[in-house]
Undergrad: 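Could you have a look at this structure, given as structure tokens, before my questions?
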Amino acid sequence: MKIILLIVIAIVVLGASGAVFLSMKSKSGSAPGLVNGALAPCPSKPNCVSSEPGTPASHSIAPLDGDSWDKLPDAIGEAGGAIIARTDSYIAAEFETSLMRFVDDVEFRKAEDAVHVRSASRVGKSDLGVNAKRIEQLRAALSQ
């Protein structure tokens, strides 16, 4: 019985240590920025969504309305994000997940008739849909 308890404790400690390591690792790095004038493509991992043309359906999300650009900074702040880079046609923001404090990069590119968006986790494989939900929450806030 004691051996089983020790094994369970070891697994919990290792799991917690791994989560803390990933959380710390996610705090280093930055948003990928623009690649040939567009937001960087999503990696193959299911923790990214993008509205850029050519995005595979598994990562695709609709762009924001073109008239939402000027409202974005306030919406990002109200949603808990911090803008880390901004130009006339590009915004990069960081969001931290509530539980483990993982950092996600959310980027916006102003196009002629839309605002393209990319939201991705810096570490891990799955985000349990957090990035897509975040964009939809921003979309709802911007439509008010």
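One-based numbering along the sequence shown.
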Undergrad: When you measure from the side chain of R139 to the backbone of P63, do you find a donor-acceptor pair of N or O atoms at a distance under 3.5 Å?
TA: yes
Undergrad: Applying a strict under-4.5 Å side-chain criterion to I, L, V, M, F, W and Y, I'd like to know whether W69 and I83 cluster together.
TA: yes
Undergrad: Quick one: which of T55, I135, N131 gives a side chain to side chain contact (heavy atoms under 4.5 Å, CB included) with I61?
TA: I135
Undergrad: Please report the interatomic distance CG(L128) to CG(N47), rounded to the nearest 0.5 Å.
TA: 10.0 Å
Undergrad: Using a 3.5 Å cut-off and no angle test, enumerate the donor-acceptor pairs between side-chain atoms of residues 104-113 and protein atoms at least two apart in sequence or in another chain.
TA:
from, atom 1, to, atom 2, distance (Å)
D104, OD1, S121, OG, 3.2
D104, OD2, R134, NH1, 3.2
D104, OD2, R134, NH2, 3.1
D105, OD1, R122, NE, 3.2
D105, OD1, R122, NH2, 2.9
D105, OD2, R122, NE, 2.9
E107, OE2, G33, N, 2.8
E107, OE2, Y90, OH, 2.4
R109, NE, E52, OE2, 2.7
R109, NH2, E52, OE1, 2.9
R109, NH2, E52, OE2, 3.3

Undergrad: Could you tell me the separation between the CG atom of L138 and the NZ atom of K71, rounded to the nearest 0.5 Å?
TA: 12.5 Å
Undergrad: If I take atom OG from residue S119 and atom CD from residue E136, how far apart are they, to the nearest 0.5 angstrom?
TA: 11.0 Å
Undergrad: Looking at every non-hydrogen atom in both residues, tell me the closest pair between P43 and R118 and how far apart they are.
TA: CD-NH2, 3.7 Å
Undergrad: Please enumerate all residues that pass side chain to side chain donor-acceptor pair (under 3.5 Å) together with H59, with sequence neighbours excluded.
TA: none
Undergrad: Checking I76 against F95 for the side chain to side chain contact (heavy atoms under 4.5 Å, CB included) test, could you report, in this order, the C-alpha distance in whole Å, the side-chain angles of both residues, the deciding distance, and whether it holds?
TA: CA-CA 9 Å; I76 291 166; F95 286 80; 4.0 Å; yes
Undergrad: With sequence neighbours excluded, give me every disulfide bond (SG atoms under 2.5 Å apart) pair touching residues 44-80.
TA: C42-C48
Undergrad: Could you measure the distance from the OG atom of S143 to the CG atom of D65? Nearest 0.5 Å is fine.
TA: 8.0 Å
Undergrad: For L142 and L72: C-alpha separation, side-chain torsions, deciding distance, then whether side chain to side chain contact (heavy atoms under 4.5 Å, CB included) applies.
TA: CA-CA 7 Å; L142 290 164; L72 264 174; 3.8 Å; yes
Undergrad: Looking at every non-hydrogen atom in both residues, tell me the closest pair between A31 and A92 and how far apart they are.
TA: CB-CB, 4.1 Å
Undergrad: Is it the case that one hydrophobic cluster holds both V103 and V49, taking links as side-chain heavy atoms less than 4.5 Å apart, direct or via other members?
TA: no
